[in-house]
Amino acid sequence: MGKCGLESQRALLLTLATVLAKGMALPQSILFPLEKICMDWQQRQRAGAGLHNLGNTCYLNSVLQCLTYTPPLANYLLSRRHSQSCYQQGFCMMCIMEAHVNRVLHSSAGAILPWPVICVLTRIGEHFQHGMQEDAHEFLRCTVDAMQRACLSGSSDLDISSQATTIIDQIFGGFLRSRVTCLSCKAVSDTYEPFLDIALDIQAASTVTGALEDFVKPEQLDGENGYKCSKCEQLATASKRLTIHRSSNVLTVCLKRFDPFSGRKIRKVVQYPESLDLATYMSQAPGEPLLYSLYAVLVHEGPGCQAGHYYCFVKVGDNSVICTGVLCPCPSVVFCLWFCFKHPAVHLKIVLPFFAGQRRALVQVE
């Protein structure tokens, strides 16, 4: 077993110990072994081809590039392991992404046309239409969900815990815990919710860490919003707190930049870190830092969700950063951030200064 395998094996043992200790059901079967995931590039990568804008496709191009340069996902797709064992007839998002990533990273062209993805837009999300302005976060969620469904094809009878062992869930997936504590009888009720990304409210926060602190801040339930306690059998005042119960190997953080009612953009500056420690936001403190390294930033320029332009910055394996036309993302326009887990005892540490080294405008060509 190689170094990546040994380190991921440690991660698997830590995960199983966590699951047993915290009362979550163990999966009855493992669809993709965690020890086969390598968080670092298995092959040294240079910047691949850019993507032509084919009419309001900047949201799609930017998301595709951020996914393409996600090391554990790219490693798997470059191996062509999925297509070698895929028996789906017709639409398969994993096969489409596998072909796309191989095409981008192996192309000698300056830019390519992402028609294979655009041609299946309505299969990714039925409301998407070519030529229309779309929300990058929504496209991201629909794309990752479509990849997850492709990995679960023919496995509809699996238990929930087993469904969370696909290659997609092993990379992007985690669990949130919602704990409600009755303030009358002190009874505790826990529920768990899977996530593939975390959306953060930035109305009251000026930093990503501040938004995470707000995310896990206890909320009081009282009055008409009181808690119906099953132990004391009355409508009681309670405390509700959301925490990260099981963290993901790749953490996708999306900032809620658009007002849900007006659609207007929240243009405030939100500072983001190059290295993020999730330990203080976990259900139980792990006793050591849970460090993540920033490797991709998706940016939105414009007044609101129905207008503007998306572009992104991503790290590649040759110590360079690729971007589109501008040299540094302003904190007031950053929309989504991707972090790779870099725990020194589990995964290979990615040492790469962000926005340092060569910059090339390859992500998108107008």
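A quick note: this is a predicted structure, and the numbers were derived from the prediction, not measured.
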Ignoring hydrogens and geometry beyond distance, is a side-chain donor-acceptor pair present between His127 and Glu138 at under 3.5 Å?
yes

Before giving the answer on side-chain hydrogen bond (donor to acceptor under 3.5 Å, both in side chains), spell out for Thr207 and Gln271 the whole-Å C-alpha distance, their side-chain angles and the decisive distance to 0.1 Å.
CA-CA 4 Å; Thr207 64; Gln271 300 291 342; over 6 Å; no

For Val63 and Leu67: C-alpha separation, side-chain torsions, deciding distance, then whether side chain to side chain contact (heavy atoms under 4.5 Å, CB included) applies.
CA-CA 6 Å; Val63 168; Leu67 292 175; 4.1 Å; yes

Do His309 and His300 have side chains that approach each other closer than 4.5 Å (heavy atoms only, starting at C-beta)?
no

For the residue pair Asp40 and Pro71, establish whether any side-chain heavy-atom pair is separated by less than 4.5 Å.
no

If you measure from CD on Glu35 to CD1 on Ile30, what distance do you get to the nearest 0.5 Å?
8.5 Å

Of all residues at least two apart in sequence or in a different chain, which pass the salt bridge (charged side-chain N to carboxylate O under 4.0 Å, His left out) check with Asp145?
none

Which residues satisfy the ring pair (Phe, Tyr, Trp, His ring centres under 6.0 Å) test with Tyr227, sequence neighbours excluded?
none

Any side chain to side chain donor-acceptor pair (under 3.5 Å) pairs touching residues 179-190, not counting sequence neighbours?
Arg179-Asp190

Where is the tightest heavy-atom contact between Gly131 and Asn56, given as atom of each residue plus distance?
O-ND2, 2.7 Å

Between Trp41 and Gln43, is any pair of side-chain heavy atoms under 4.5 Å apart?
no

When you look at CD of Glu126, are more than 12 heavy atoms from neighbouring residues, nucleotides or ligands closer to it than 6.0 Å?
no

Output the distance between atom CD1 (Ile124) and atom CD1 (Ile96), rounded to the nearest 0.5 Å.
6.5 Å

Using distance alone, with no hydrogens and no angle criterion, decide if Asp201 and Gln203 have a side-chain donor and acceptor under 3.5 Å apart.
no

Could you tell me which residues satisfy ring pair (Phe, Tyr, Trp, His ring centres under 6.0 Å) with Phe139, sequence neighbours excluded, listed by chain and number?
Tyr59, Phe128

Spacing of Arg257 atom CZ and Asp135 atom CG [to the nearest 0.5 Å]
13.0 Å

Do side-chain atoms of Asn53 reach the backbone of Thr57 as a donor and acceptor pair under 3.5 angstrom?
yes

Any Gln148 side-chain heavy atom under 4.5 Å of Thr166 side chain
yes

Run the side-chain hydrogen bond (donor to acceptor under 3.5 Å, both in side chains) test on Gln28 and Ser161 for me, step by step, so that the C-alpha distance in whole Å, both residues' side-chain angles and the decisive distance to 0.1 Å come before the verdict.
CA-CA 7 Å; Gln28 296 174 8; Ser161 295; over 6 Å; no

Rounded to the nearest 0.5 Å, what separates atom OH in Tyr295 from atom SG in Cys340?
5.0 Å

Intermediate values then yes/no, salt bridge (charged side-chain N to carboxylate O under 4.0 Å, His left out), Lys256 and Asp214:
CA-CA 13 Å; Lys256 295 181 179 179; Asp214 291 341; over 6 Å; no

Can you name the closest pair of heavy atoms from Ser247 and Leu278 and give their distance?
CB-CD1, 4.2 Å

Does the Asn61 side chain pair with the main chain of His52, one donor and one acceptor, at a distance under 3.5 Å?
yes

Show your reasoning for whether side chain to side chain contact (heavy atoms under 4.5 Å, CB included) applies to Asn102 and Arg80.
CA-CA 9 Å; Asn102 275 276; Arg80 298 187 184 274; 3.4 Å; yes

According to a 4.5 Å side-chain heavy-atom criterion applied to Ile, Leu, Val, Met, Phe, Trp and Tyr, with indirect links allowed, do Leu221 and Leu183 form part of one hydrophobic cluster?
no

For Ser107 and Ile112 the tightest heavy-atom approach is OG-CG2, 3.8 Å

Looking only at side chains, do Tyr272 and Thr209 share a donor and an acceptor under 3.5 Å apart?
no

Keeping Asp197 on the side-chain end and Val253 on the backbone end, is there a donor-acceptor pair under 3.5 Å?
no

Ignoring hydrogens and geometry, is there a side-chain-to-backbone donor-acceptor pair from Asp277 to Pro289 under 3.5 Å?
no

Sorted by first residue and then second, give each side chain to side chain donor-acceptor pair (under 3.5 Å) pair with at least one member in residues 233-243; sequence neighbours left out.
Thr243-Ser283

Hey, mind stepping through Phe172 and Thr70 against side chain to side chain contact (heavy atoms under 4.5 Å, CB included) and telling me if it holds?
CA-CA 10 Å; Phe172 297 103; Thr70 296; 4.2 Å; yes

If the condition is ring pair (Phe, Tyr, Trp, His ring centres under 6.0 Å), which residues does Tyr76 pass it with, not counting sequence neighbours?
Phe32

Are the side chain of Gln163 and the backbone N or O of Leu158 linked by a donor-acceptor pair below 3.5 Å?
yes

Determine yes or no for a side-chain-to-main-chain donor-acceptor pair under 3.5 angstrom, with Lys231 supplying the side chain and Cys182 the backbone.
no

Check whether Asn249 reaches the backbone of Ile171 with its side chain - one donor and one acceptor, N or O, closer than 3.5 Å.
no

Would His82 and Met147 count as a side chain to side chain contact (heavy atoms under 4.5 Å, CB included) here? Give the steps.
CA-CA 11 Å; His82 176 82; Met147 288 193 287; over 6 Å; no

Quick check for you: to the nearest 0.5 Å, what is the distance between Ser153 atom OG and Gln89 atom CD?
10.0 Å

Return the minimal non-hydrogen interatomic distance between Cys38 and Asn75, and the atom names on each side.
O-ND2, 3.0 Å

With a 4.5 Å cut-off on side-chain heavy atoms, are Phe335 and Leu140 touching?
no

I'd like to know if Val216 and Val188 are part of one continuous hydrophobic network [Ile/Leu/Val/Met/Phe/Trp/Tyr, side-chain heavy atoms within less than 4.5 Å].
no

Got Leu64 and His100 here, is their nearest side-chain heavy-atom distance under 4.5 Å?
yes

Could you check if a side-chain atom of Val101 sits within less than 4.5 angstrom of a side-chain atom of Leu78, using non-hydrogen atoms only?
yes

Do Asp159 and Ser162 have side-chain atoms, one donor and one acceptor, less than 3.5 Å apart?
yes

Parallel, tilted or perpendicular, as decided by the 30° and 60° cut-offs, for the rings of Tyr292 and Phe341:
tilted

For Ala136 and Leu298, the nearest pair of non-hydrogen atoms, with its separation, is CB-CD2, 4.0 Å

Donor-acceptor contact present, side-chain Arg123 to main-chain Ala146, <3.5 Å
no

Same cluster for Trp115 and Val104 if Ile/Leu/Val/Met/Phe/Trp/Tyr side chains link at under 4.5 Å?
yes

Is there a side-chain contact between Ser293 and Glu274 in this structure, where contact means two heavy atoms from C-beta onward sitting under 4.5 Å apart?
no

With rounding to the nearest 0.5 Å, note down the distance linking SG in Cys86 to CD in Gln88.
4.5 Å

Any donor-acceptor pair under 3.5 Å from His130 side chain to Leu54 backbone
yes

Checking Thr165 side chain against Leu31 main chain: does a donor-acceptor pair fall under 3.5 Å?
yes

In terms of hydrophobic clusters joined by side-chain contacts under 4.5 Å, are Leu212 and Leu176 together?
yes

Phe175 and Phe195: which non-hydrogen atoms are nearest, and at how many Å?
N-CE2, 3.3 Å

